[in-house]
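The structure under discussion appears below in the form of structure tokens.
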Amino acid sequence: MSLLDGQADGRKGGQGPVEQSSAEASSARPPDRPEDGMNRRRFLKVLGVAGGGSLAATACGSSSPEKLIPYLLPVEDQIPGVATWYATTCRECPAGCGVHARVREGRAVKLEGNPDHPINRGKLCSRGQAALQGLYNPDRVRGPMARNASGNFEPISWQDAITRVGERLGAAPGAQVRFVTGNEAGTFDRLVSDWLTTLGSSGHVVYEPFGYEAQRHATREVFGTDELPWYDFGAARYVLSFGADFLETWGSPLEYTRGFVASHAFADGTMGKFVHVEPRMSLTGQNADEWIAPVPGTEGVLALAIAHVIARDRLGSPPSDAARLRPLLQAYAPEAAAERCGVSAETIERLAREFAAGPSVAVAGGMGAQHADAHATAAAAHLLNYVAGNVGRTVRFGVAPNPAGGSRYQRLAELSQAMQDGRVAVLLVHGANPAYASPAGLGFASAIANVPFKVSFSRFLDETAMLADLILPDHDPLEQWNDFEPRAGVNLLQQPVMQPVFDTRQTGDVLLELARLMGGRMAQRFPAATYKDHLQNGWRRLHQQRGSRDAFEAFWTEALQRGGVWSEPRSRGAALAAGATRVAATPPAQPEGRFTLIAYPSSVLYDGRAANRPWLQELPDPVSKLGWSTWLEIHPDAANALGVTDGDMVEVTSDAGTVRAVAWVYPGIRQDVVAMPLGQGHTAFGRYAQDRGANAYQLLAAEPTAFGGVQHYAAVTVRATGEHENLATRAGSRRQLGRGIAQAVTLAAITAEGFHPFHEAHAAPVPEPIEKVLDEWQEEQYRDWKERGNYAGAHPRWGMAIDLSRCTGCSACVTACYAENNLPVVGKELMQRGREMSWMRIERYFEGEEGHPPEVRVVPMLCQQCGNAPCEPVCPVFAAYHTPDGLNAQVYNRCVGTRYCSNNCPYKVRYFNWFDYQEPSDQAFSWPEPLHWQLNPDVTVRSKGVMEKCTFCVQRIRGAQHDARMRGTPLRDGEVVTACQQSCPADAMAFGDLNDPGSRVSQLAADGRGYHVLDGLNTRPAITYLARVWNRAEA
Amino acid sequence: MAAVARPEPVRVPPTYSEITHDIAATLGRPGRTWYILLGFAISVMLLGAIALLYQIRYGLGVAGYRPPVMWGVYITTFVFWVGIAHSGTLVSAILYLFRSAWRTAVYRTAEVMTVFAVLTAGLFPLIHVGRIWYAYWLVPYPNQRQLWVNFKSPLLWDVFAVTTYLTVSTCFLIVGLIPDVAAARDVATGWRKKLYSITSLAWRGTDQQWRHYTRAYLYLAALATPLVLSVHSVVSWDFAMSIVPGWHTTIFAPYFVAGAIYSGCALVITLLVPLRKAFKLERYIHEDHFENLAKLLLLTGMLVGYAYAVEYFIAWYSGNEAERASFYNRAFGPYWWATWTMIICNGFLPLFLWFKKIRRSIPAMFLLSLFINLGMWFERFVIIVVSLSFEYEPYAMGHYTPSWVDWSVLAGSFGWFFMWFLLFAKNFPMVSIAEVKEIIPMPRKEDAHA
Amino acid sequence: MGCHLIAGATIPEVAKVREAWSANQPIEWLKVHRMPPFVHFPHMRHLKGETAVKAEITCQTCHGQVERMPQVYQFSSLKMGWCLDCHKQNKVTTDCSACHY
């Protein structure tokens, strides 16, 4: 666990602006580590202001006499004020994206995607951005803890802790030792298994709540392989999804988003088509050109019917053995199928033709669609791909992400039973929280009580850790040495990007130490002194396998710098297995007089593991736009029937249990279906997660399905409780009121007569000459601008172009903005009063007449940096003013707080500091120690009573300009990258100089689809939106 | 204003000595009611003060603001009090220039009200800023930071308008007081004698003094008159200069001035009725005065009603979607109750003033004036809050509800105003002794012998 | 550290430095030149920037003759006016967002 080595070889070379003073402003005292006294490395951690801390960095300034505590020995790669970057791997979900951690003065302050990473290509989602809040989470377990006689946890020393475990393991029969981990594909996974085997146990249970059991079961049936296929969205011009939320959580969201956008975004007059089949319109569904809501559970029927038509009319170009499927498909003639799934035969015929027409792909197996017959859905999708001849083209094997590892809910159920029967002596839990993320009926929590000795390696006091006897907190993924293999041929490395924040220890090291302690076989089997050595031994083998010519050290260093090693994927097709012909769709019976509940994965909180990240709690859900809560999506008509409306508390009861949630009326859902996101309703897990919303797992049936997974559908009754709460959202009107905020056009229309941006209607047309006079007067003003003081001379005009045909509304940009610009988190109560501070928000509007399935449009709304800004002239003190390079700057320390600028801002993108979010004594304090370690030193932390806003990450602009000046060459286009743009998985944003005709942004701004929001106000925004294009026949 | 008719002469005219005596009597020992009222006013003011301190400590968040409604009760109340301040100058200065004699009995009350109303209004821009401790940055002054204020900002114009108005109206009041405090000085004793001796600026009532005095008063009146129009016009530009639908309209200046005088006259009535009872001034302030004020009310009230109508018409006629939506939202949106309170109180109720019976019935006038005060506060609330809650960006629309802090500060402002008013009423003549004497018929010899 | 084993070995202040080293304690220096946190001031630009080089700005220009100070004190006011004077004198930007963001 040597930080120094890690940084030495992991060095990415410094970037970022030199900001000495601000650097001091933002460092704070490191935490005290009681037991290991004064070691040399301690000092290396320390730099900058002790005492005052970053919270001194307020717009109204200063704190008492400050002390500078220097490094005792300077660290060669830590230059005060200069950022250092380290490559590592994001472990917030099993996708395995590569990240670069920006480190300032020994603190990780920002995560960004690793540009040459095979999976995320430099992009990062909200959950990835928020990994920092796992690292700096104030509710982390700060050291080993044991349950004392009175049943409370009390801190103990590592030595003591490890001895205790050693004794118990020594005493227990090896077979009765069980180890539950999350998906750790890689060295750690192998270590755990070997470790257990050496102990004489085969009890390694991998549990990922999102286990994709249905999809894996189906793949084994149809193609006889245990691995999942990889889908080439980029090559598919036609995507047909049966409830696979591939833009949210399914498989490898960032990778699939990239592929999807590549083929589906409007470019050169053409684009792919996307049809989404799901009873509920998920975020993925909102991005579909066509949304089909079949009878719940009948997607399989629909898929097979489509396959039927393709086979019948010989539309596809399938491999010869597809013929074997004919008898199976016979049973799914469109007319019959239409009956069962409630989708007209014509539609089925049309879908079949469209699907077979070009390179296409059908995907299925989202957790939100994992009902009793989900394996049939997945299998049907496989067959559909097969008969259309997609397998081997857009559907490939050998390179697929493996989000679940070996996880099967079945195994957890068995373990639970074993514990119940007292067949488990020692239970170790790492990286999994089954006590929360499993159906209540499973009774995991009660079963665990029968285990004499339970050890948790959790970093947080989550539900499972609360039941443990001993907690040996693991390092945060950003503090540890590790590797991860999200898929074959991709070996990713994790390295510590900074010193451990708390007195934690890497579980790998603990296991090795235990082995040493127990001696004998164990000691021989695991000789490595540290987990890092163990890891490197593994990589030595990898080094030989890859037959790399250079020495291991060089190989290792290069791997660290790149974030791992990966080779060009060598993919293959697959032939039908015997089981393929046995596929049959047998939709579950519709619950009589009850709703079908869909418990779907939250695209923000995933399975609940991210619920203690304040940024994510506050991030408005991409679909409902609610934060800090659990809601029940319900169709308007159903809501009327029940007499509930937005914000009413409802009680949802299934055979398994009852939960309360706030009703959110959503036209994008079937009348007989209600839906609820997973991830909330924690009973532990720290201040941000605990006692918030409801845990939808409570409603799910415990018994494993035929394919060994949890069933995410349940029959429920909904009852209004009569209570009401204000929705925690900024969203005012759901509709655009005809103001052309989010504009869209159909492919048919744009090909026929191009795109005509929205123009506000006037009762009487403004006479031509007057328009002319006005424009001239405007221009006159600008000429005048240009000649004054700072404004004289050539300046860039910073601008942005946002392509709405790429934007999926995933909201990664919003979290990135929080991370980059020190935005405070205000909490539920203030969010209910619309006071969240997100400089960037994704506005979501419903189109189409009431009662019909809505057309959902999203538009990222941030400061438009108007050339003729209404906010500027009204500020009495020039706190809001126009910079020479065209930004609407806000001088925080000059602001008096009249809020006139905000009143006069038509886009409402100015945010006021209602409270002292950076003042520890304040009720709205937003950065409890050590959360504030994350604060970006280059950005002022705003104080009470001032207005703040987006300025296109001016600190990055100034930083880049500084570097350019220092190296004496002009700024290149694309050198300045704003935080939002950097993170955008769909690459929907371009930023640069509008005065430079060659810049990417200028070219996009000139695009035929370009328009300005509220153009009629003559604010001359610097942001050009490119209209959304729907691939629809009708104009 | 000439339209305002001369009142019929006082039936049983009091003699000079009676006048001096009656009015000086108002300065006598305060009774218990006065102390109770004063105590009440002060405690309400303290409540507001506490709320304000709380807000300064924790930030504006403790008030009910809900983006996009960034201005709420505070600015509403600011405009309300500035408006109140107008009738004072109107009655005392403009009517003076028009030589309408009936003003003499009431103008002092109006003036006092003006000064204290501006004093109250002036607090609100400070109360409402986020960093009150930097509020002085709104004043242009040379500083080492080499920064200047933005003269383009209507808020800055406010700063000047309000301070100017405060200065001028205060001077006007003090000058008007001179002969009266002199008279009071001659009867007073103790600390009051000192107070009056100072404030009467050694007035002896010589012809020369009178000559200078009347000139000075005339010029001051001339100086104050344009302010009646300018000040509230400037205040209205805070809104008219912005691009907020419902604010961005050219009618605002005259509309606000009319409204200001309207609300001012209403409050004058609200104050006069109890005052004349308490000070037994029925002989000096009677139906005629109320009737004249009522006519003023009727005129301005109908101007205001007309302005409302024009607003809606233009909103429709402009064809501007945002404008139309904004006004539709006013009338039928979540704030319909506020809008209709305003329209009924300010638009319809004054129509009762067409009836002479009502104009001359003091209880009716009192009641009416209360409704108009209420209505005028809501007018500002509707213009400011309701417009802001429904602007251009549909996603960012929001509903604002004031918190206890807003309400306490609002109440406190009334406490503050009445505290000053009560203190003044007991220490200075509320009716101008000198000018009342001017308008009663010359006493004849036989009266003296009778 | 190497130097101070010999250089100024007799000076009591230097002795403190040696003590700190042997005690394995970082020295807690008192901060003399303090910028409010809402100002961003890159030293490099003010020394190596072309204008700075032309104007022959050195450490001493702002920090004074530190080498001659028995005890370091704040030489310049570091007030905004002081910044602006120099910026105007050298005809470089006076745009607010050059330092405040």
Side-chain angles (χ1 to χ4, degrees), chain A residues 60 730-739 741 760-764 830 833-835 841 843-845 859 861 870 872-878 881 894-900 902-909 911-916 922-924 943-947 1013-1014 1016-1017 1019, chain B residues 58-71 125 128-138 145 147-156 158-159 238-239 241-244 247 316-322 325 384 387-401:
Chain A
C60 59
R730 177 84 192 262
S733 164
R734 295 170 154 212
R735 302 200 155 254
Q736 298 194 57
L737 312 175
R739 302 194 179 176
I741 309 287
E760 203 196 292
H762 291 282
L830 293 188
R833 293 163 74 177
R835 289 179 179 180
R841 59 173 189 260
E843 298 190 346
R844 184 255 299 118
Y845 293 110
V859 49
M861 186 50 66
E872 288 162 6
V874 296
C875 176
V877 292
F878 287 119
Y881 83 104
R894 174 65 168 168
C895 179
V896 180
T898 67
R899 308 188 294 296
Y900 201 168
S902 176
N903 286 345
N904 218 28
C905 171
Y907 306 96
K908 292 288 167 267
V909 286
Y911 298 85
F912 187 72
N913 284 268
W914 298 107
F915 293 103
D916 232 344
D922 196 278
Q923 52 203 12
S943 77
K944 169 177 71 186
V946 307
M947 191 66 73
V1013 172
L1014 300 176
L1017 296 174
T1019 50
Chain B
Y58 287 106
L60 274 175
V62 299
Y65 293 106
R66 193 238 197 266
V69 182
M70 296 303 225
W71 288 0
H128 115 111
V129 296
R131 300 205 289 172
I132 191 171
W133 48 94
Y134 287 133
Y136 65 92
W137 285 353
L138 294 172
R145 300 194 303 285
L147 293 172
W148 204 233
V149 291
N150 178 7
F151 286 100
K152 271 187 180 177
S153 170
L155 279 186
L156 203 69
D158 264 8
V159 175
D238 281 346
F239 310 104
M241 289 289 164
S242 82
I243 64 169
V244 178
W247 285 12
W316 166 78
Y317 183 69
S318 69
N320 178 316
E321 272 317 312
I384 293 166
S387 305
L388 285 176
S389 74
F390 201 87
E391 268 195 63
Y392 293 101
E393 192 72 14
Y395 185 88
M397 291 170 176
H399 188 85
Y400 158 86
T401 14

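Residue numbering restarts at 1 for every chain, and letters A, B, ... go by the order of the sequence lines.
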ring-ring contact (aromatic ring centres under 6.0 Å, His included) between A/Tyr900 and B/Trp71, worked out: CA-CA 8 Å; A/Tyr900 201 168; B/Trp71 288 0; 4.8 Å; yes
Among the listed options A/Val896, A/Val874, A/Ile741, the residue most often paired with chain B at heavy-atom distances under 4.5 Å: A/Val896
Spacing of CZ belonging to A/Arg899 relative to CG belonging to B/Leu388, to within rounding of 0.5 Å: 10.5 Å
For chain B, the option from A/Gly738, A/Cys905, A/Cys895 that forms the most heavy-atom pairs under 4.5 Å: A/Cys895
Exercise: identify the closest heavy-atom pair between A/Asn904 and B/Ser242: OD1-CB, 3.0 Å
Ring geometry between B/Tyr65 and A/Trp914 (parallel below 30°, tilted from 30 to 60°, perpendicular above 60°): parallel
Electrostatic pair B/Glu391:A/Lys908 at N-O distance under 4.0 angstrom: yes
Close side-chain approach of B/Tyr58 and A/Asp922, heavy atoms under 4.5 Å: yes
Side-chain heavy-atom pair B/Glu321, A/Leu737 within 4.5 angstrom cut-off: no
Winner by heavy-atom pair count (cut-off under 4.5 Å) against chain A, out of B/Ala322, B/Ala135, B/Ala325: B/Ala322
Euclidean distance, A/Phe912 CZ relative to B/Leu60 CG, rounded to 0.5 Å: 5.0 Å
Which of A/Arg844, A/Met947, A/Arg734, A/Arg841 touches chain B most, by non-hydrogen pairs under 4.5 Å: A/Arg841
Distance, nearest 0.5 Å, that separates CZ of A/Arg894 from OH of B/Tyr134: 11.0 Å
Side chain, backbone, both or neither of B/Trp247 within contact of chain A (heavy atoms, under 4.5 Å): side chain
Interface residue of largest heavy-atom contact number with chain B, from A/Leu830, A/Leu1017, A/Val859, A/Leu1014, under 4.5 Å: A/Leu1017
Heavy-atom pairs under 4.5 Å with chain A, option from B/Val129, B/Leu156, B/Val62, B/Val69 with the top count: B/Val129
Side-chain heavy-atom pair B/Pro394, A/Tyr845 within 4.5 angstrom cut-off: yes
Contact class of B/Tyr136 relative to chain A, heavy atoms under 4.5 angstrom: neither
Side-chain touch B/Leu138/A/Val877, heavy atoms, less than 4.5 angstrom: yes
Taking every non-hydrogen atom, the tightest pair across B/Met397 and A/Arg739: CE-NH1, 3.8 Å
Main-chain N/O of B/Pro67 paired to A/Arg835 side chain as donor or acceptor, under 3.5 Å: no
Contact winner vs chain A - B/Asp238, B/Ile132, B/Ile243, heavy-atom pairs under 4.5 Å: B/Ile243
Residue A/Pro870 versus chain B: region with a heavy atom under 4.5 Å: side chain
Nearest heavy atoms of A/Lys944 and B/Gly59, plus distance in Å: CD-CA, 3.4 Å
A/Ser943 versus B/Arg131, closest heavy-atom pair with distance: OG-NH1, 4.1 Å
Gap separating the CZ atom of A/Arg833 from the OH atom of B/Tyr400, nearest 0.5 angstrom: 10.0 Å
Closest approach of B/Pro68 to A/Asn903 (non-hydrogen atoms, all atoms of both residues): O-OD1, 4.0 Å
Candidate pair B/Tyr395 and A/Met861, rule side chain to side chain contact (heavy atoms under 4.5 Å, CB included), full reasoning: CA-CA 10 Å; B/Tyr395 185 88; A/Met861 186 50 66; over 6 Å; no
Nearest heavy atoms of A/Tyr907 and B/Glu393, plus distance in Å: O-CG, 3.9 Å
